[in-house]
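Bear in mind that the values here come from a model prediction, so they are computed numbers and not experimental data. Every chain is numbered from 1 and lettered A, B, ... according to where its sequence line falls, protein lines coming before strand lines.
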2 protein chains.
Amino acid sequence: MYTNRLLVIGGVAAGLSAASRARRIDPRLEITVLEQGPDVSYGACGLPYLVGGQVRSAEQLFVYSPDFFRQHRNIEVLTGTRAAEIEPGRRRVRAVHAETRKEQSFPYDRLVIATGARPQWPQIPGIDLPGVFQANNLEGARSLMAFIEGRSAGAGSHRAARAAILGGGYIGLEYAEALRRRGLEVIVFHDRDEVLEGFDAEITELVEGELARHGVTLLKQNPAQAISGDGAVRQVVSGGGRYDTDLVLVAAGVVPCADLAASAGLALGPAGSIGVDDRLQTSLPGVFAAGDCAHSFHLVTGRPVYMPLGTTANKQGRVAGENAAGGHARFPGIVGTAAVRVFDLECARTGLSESEAHAAGYRFVTAIVEHPNRPQYFGGTNIRVKLLAERNTGRLMGGQMAGADGVAKRIDVVATALHARMSAAQLAALDLSYAPPFAPVWDPVLIAAQALERRLREQ
Amino acid sequence: MYTNRLLVIGGVAAGLSAASRARRIDPRLEITVLEQGPDVSYGACGLPYLVGGQVRSAEQLFVYSPDFFRQHRNIEVLTGTRAAEIEPGRRRVRAVHAETRKEQSFPYDRLVIATGARPQWPQIPGIDLPGVFQANNLEGARSLMAFIEGRSAGAGSHRAARAAILGGGYIGLEYAEALRRRGLEVIVFHDRDEVLEGFDAEITELVEGELARHGVTLLKQNPAQAISGDGAVRQVVSGGGRYDTDLVLVAAGVVPCADLAASAGLALGPAGSIGVDDRLQTSLPGVFAAGDCAHSFHLVTGRPVYMPLGTTANKQGRVAGENAAGGHARFPGIVGTAAVRVFDLECARTGLSESEAHAAGYRFVTAIVEHPNRPQYFGGTNIRVKLLAERNTGRLMGGQMAGADGVAKRIDVVATALHARMSAAQLAALDLSYAPPFAPVWDPVLIAAQALERRLREQ
């Protein structure tokens, strides 16, 4: 049977990748995308840089307009249209228009669910006060900027001088930098002992030093317990005391938006995400899920994992779109690669951290080295590299790095080696590029791999 | 039998790596290194930057002194000591002291030959005139600088204003930049149609544009045929005419120093290099060779190849040293990775170029894309990426890139994928790092791999 109607729920990374890929596979398909918000396809990862002033205007973050998809890809994108219910038996989705509240049903032959994730919202007193902002979408960033600049209704003409950030993860620390750039005092409330998910202490201690050097106060193992204020935010209360602030930014991670899928009876995966196979098909034939609402497969552990990232969302969208259009694509999985810049420190990781490997029950060895990113005579500065390998097999399991420069794209060598299930010895033998402007003759990755080999021999 | 005397001929990259590795494996070994020149262990790749002024003094290029090896590693390094003959039957090397001309014989149980390579010296009239310099060693760089600054004996007080470079390879173009930085007019005589060994026209056209933009005259398919002058260099004559110049810099590549080995009856490999197996043992048991004097094994073609590079020299030295000390290390081979910066353009390659793949008889497809190194809103600039894959198997065969920034360490992902014999599809599925300061959500490598997949499907 020829599939003629593809419906996509969600018009950001995964949804639009799916729609675009499906169009390329099948020019005849009728493709409709439902997006609940007013915007499609913007670079959400650029939001901290918009707030920090490195990105001049929100318009720069928009990659494509709904009109672009209509005119150039023959894809109908309906913004302000919230999917309210999936009716698998009738193969249709009931949606509500945001402004008119009018209901409409969209029939489908194949469905891609790309509903994304929503901010984890701490259930603490005062979280609904004016002056509390969310870090994960454009609306939040715009409100935050208006508030900082004293343009908010009710904020009077006062500019904000102090900010409290709830969460010391990637987004939280990117915003810490952004708000310092705007001249605010910044205090970060973090629930665990280490900032940045998936890094071990040898790397996070460098991050903490960098935060301190730039005047950010970090409170570890110290989640916010309440926000207080007389009509607006005035203080954040934590186990450590009461802290004055003018605003609160919530950057406490995200949870998958899987309610629609769950209500329709679809099986769920880790962290309440939508369960998918390696073709990204859900438990219901013909219904696919991709992006931050779905889980992924970890190639190092061989287990399902929920790790929402823009890169994965785009790749998954592409695979879901191809399959929804009748193709046969696979999404092999992820190795858990992530990078972040915290002021002048680049940090990147891939595979398992020591604590993750420990929690997963592996027996492993680790090696930590510091080695310059360029020859000393060419102004090289040290990169700290930590690698893990499985004890008995010597298989590489993960890596982390931090340094002033040349970190993020170096982790990709380790990530590629993880995809290939290389051993520490194979990593150490790689023919990597060298010239004084780019690297020393022994790349830090090779030096770390040599140290890892030694640790494996010593065991 | 306990091996107690290791002799190493050559005290630069491979030789000192071998000696150091051997010491680590066997603390009791008696290790002697013979180096014909006055210097050991300097960063020869930094010479163009010394001449260009980015490296302040030659001292910065010295990594370790002979004293360092003596005191910290118990390795005797004899500079100014030229090995004149290997006597395999007697297991000894006859050497001549550079100053005293005194002969001395050094007995060995194991021998590592790390004699390096010497500049290819064009046999043209006038090549011996004063004002002709070689690009490949510190002595040449120092003489060149003295000449430029009018400090040479016989050069009078005139500073040089015009330079002719013979050879448009990596070193030649690095020196073109260096000499432009010093304010000289620069003309490059190149014998082939494309600069930079191993790059195809789609990349070299960007290099040519960069050279032109910085005022370097490039004459392609136009080797120098003679140098003329009345007591000193005045003109270079080529098929294209006669060109005035104040100095000539020879950067026409290198040839392996294999004479000693050949005279001793050792088998030779490609380009007259010393033949070795994957343990870097020569045709004579107990005699190893490493670095620019030896060949390597190309992991993409599965054939021996001569490609002298500092990274390979160090890795080979390490393996030869380990085996010479009784260990069992292997050097798996290279994938042909190289990187160079030409003014503000970064260029990098790995695996086979289109012309190399063609010459080797492969059937392949290529893909070329341009994609930004960062999001557009974060000031991204385009990287041009060319990839090759084998037609029937889809196996990745090589890659080349050029762009303003973020090229050299990106090629390492392709190099790692070549080591792992990945397909285009596997490359496209890699979980690479992403954050706005470092990369766009689809890394240029992934975009190129997708294009390569399409080309494979279209065939």
Side-chain angles (χ1 to χ4, degrees), chain A residues 13 43 45-46 49-50 54-55 60-61 63 170 174 299 309-312 314-315 330-341 346 348 350 375-378 406 408-413 415-420 422 426 429-439 441-443 445-446, chain B residues 13 43 45-46 49-50 54-56 60-61 170 174 299 309-312 314-315 331-341 346 348 350 375-378 406-413 415-420 422 426 429-439 441-443 445-446:
Chain A
C45 299
Y49 304 99
L50 176 66
Q54 294 113 306
V55 175
Q60 287 188 271
L61 299 180
V63 186
Y170 295 72
E174 285 175 342
L299 291 168
L309 278 176
T311 44
T312 305
N314 277 283
K315 287 198 196 84
R330 279 183 68 243
F331 181 69
I334 62 169
V335 293
T337 312
V340 64
R341 197 182 70 191
E346 297 185 1
T350 189
Q376 304 282 11
Y377 64 74
F378 213 92
K409 287 291 117 183
R410 255 188 190 92
I411 204 73
D412 287 350
V413 167
T416 306
L418 287 175
H419 275 268
M422 283 187 183
Q426 287 172 317
L430 290 179
D431 184 12
L432 302 183
S433 63
Y434 160 59
F438 313 126
V441 69
W442 287 106
D443 194 274
V445 171
L446 301 180
Chain B
C45 298
Y49 304 98
L50 176 65
Q54 294 111 306
V55 175
R56 297 238 186 94
Q60 287 187 272
L61 299 181
Y170 294 72
E174 285 174 343
L299 291 168
L309 279 176
T311 44
T312 305
N314 277 283
K315 286 198 197 85
F331 181 69
I334 62 168
V335 294
T337 313
V340 64
R341 197 182 69 190
E346 296 185 3
T350 189
Q376 304 283 12
Y377 64 75
F378 213 92
V407 166
K409 286 290 118 182
R410 252 186 193 95
I411 205 73
D412 287 351
V413 167
T416 307
L418 288 174
H419 275 268
M422 282 187 184
Q426 288 173 316
L430 290 179
D431 184 12
L432 303 182
S433 64
Y434 159 60
F438 314 125
V441 68
W442 287 108
D443 194 274
V445 172
L446 301 180

Student: Look at A:Ala435, A:Ala339, A:Ser433 and state which one has the largest set of heavy-atom pairs under 4.5 Å with chain B.
Tutor: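 Answer, by heavy-atom pair count under 4.5 Å with chain B: A:Ser433.
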Student: Need one label for A:Pro375: side chain, backbone, both or neither, based on atoms under 4.5 Å from any heavy atom in chain B.
Tutor: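 Nothing of A:Pro375, per the 4.5 Å heavy-atom cut-off to chain B.
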Student: Between B:Gln54, B:Arg56, B:Gln60, B:Lys315, who has the most heavy-atom pairs with chain A when the cutoff is under 4.5 Å?
Tutor: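 Top count of heavy-atom pairs under 4.5 Å with chain A: B:Lys315.
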Student: Who are the side chain to side chain donor-acceptor pair (under 3.5 Å) partners of A:Thr416, not counting sequence neighbours?
Tutor: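 Side chain to side chain donor-acceptor pair (under 3.5 Å) check on A:Thr416 returns nothing, list empty.
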Student: Which heavy atom of A:Cys45 sits nearest to which heavy atom of B:Tyr377, and what is that distance?
Tutor: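 Smallest heavy-atom distance, with atoms named: C-OH, 3.8 Å.
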Student: Are B:Lys409 and A:Asp412 ion-paired here, with the side-chain N under 4.0 Å from a carboxylate O?
Tutor: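 No salt bridge links B:Lys409 with A:Asp412.
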Student: Grab the two heavy atoms, one from B:Tyr170 and one from B:Ala338, that are nearest each other, plus how far apart they are.
Tutor: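 Closest pair (atom of B:Tyr170, atom of B:Ala338, distance): OH-CB, 3.6 Å.
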Student: Just jot down the ring pair (Phe, Tyr, Trp, His ring centres under 6.0 Å) partners of B:Tyr49, sequence neighbours excluded, or say none.
Tutor: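 Listed in chain order: A:Phe378.
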Student: Would you mind checking which part of A:Ala429 comes under 4.5 Å of any heavy atom in chain B, side chain (CB onward), backbone (N, CA, C, O), both or neither?
Tutor: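 Interface part for A:Ala429: both.
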Student: Against chain B, label A:Ile411 side chain, backbone, both or neither, depending on which of its atoms sit under 4.5 Å from a heavy atom there.
Tutor: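 Side chain only.
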Student: Under 4.5 Å from any heavy atom of chain B, what part of A:Leu446 do you find: side chain, backbone, both or neither?
Tutor: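 Just its side chain gets close to chain B.
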Student: Just so I understand: if I count every heavy-atom pair under 4.5 Å between each of B:Pro437, B:Ala420, B:Gly336 and chain A, which residue has the most?
Tutor: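 The candidate making the most pairs under 4.5 Å is B:Pro437.
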Student: Heavy-atom distances under 4.5 Å only: say whether A:Val413 touches chain B with side chain, backbone, both or neither.
Tutor: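 Both backbone and side chain of A:Val413 come within 4.5 Å of chain B.
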Student: So which heavy atom on B:Thr350 is nearest to which on B:Ala415, and how close?
Tutor: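 The answer is OG1-CB, 3.5 Å.
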Student: Check whether B:Ala348 gets within reach of chain A through its side chain, its backbone, both or neither, counting any heavy atom under 4.5 Å.
Tutor: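 Contact with chain A is absent: no heavy atom of B:Ala348 under 4.5 Å.
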Student: May I ask you to name which of A:Gln376, A:Glu346, A:Glu174 has the most heavy-atom pairs under 4.5 Å with chain B?
Tutor: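 Option with the greatest count: A:Glu346.
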Student: Determine the minimum heavy-atom distance between B:Met422 and B:Gln426, stating which atoms define it.
Tutor: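 Where B:Met422 meets B:Gln426 most closely, the heavy atoms are CA-OE1, 3.2 Å.
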Student: Between B:Leu430, B:Thr311, B:Val55, which residue shows the highest count of heavy-atom pairs closer than 4.5 Å to chain A?
Tutor: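 Counting heavy-atom pairs under 4.5 Å, the top option is B:Leu430.
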Student: In a check of side-chain contact (heavy atoms from CB on, under 4.5 Å) between A:Asp431 and each of B:Leu418, B:Leu299, B:Thr337, which one passes?
Tutor: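 Of the listed residues B:Leu418, B:Leu299, B:Thr337, the side-chain contact (heavy atoms from CB on, under 4.5 Å) partner of A:Asp431 is B:Thr337.
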Student: Report the option among A:Ala408, A:Gly406, A:Gly310, A:Gly43 that has the most heavy-atom pairs separated by less than 4.5 Å from atoms of chain B.
Tutor: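 Sorted descending by pairs with chain B, the first entry is A:Ala408.
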Student: State whether the side chain of A:Asp443 and the backbone N or O of A:Ala439 hold a donor-acceptor pair below 3.5 Å, judged by distance alone.
Tutor: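 Not a single qualifying donor-acceptor pair exists.
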Student: If I measure from the heavy atoms of chain A, does B:Val335 come under 4.5 Å with its side chain, its backbone, both, or neither?
Tutor: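 Interface part for B:Val335: both.
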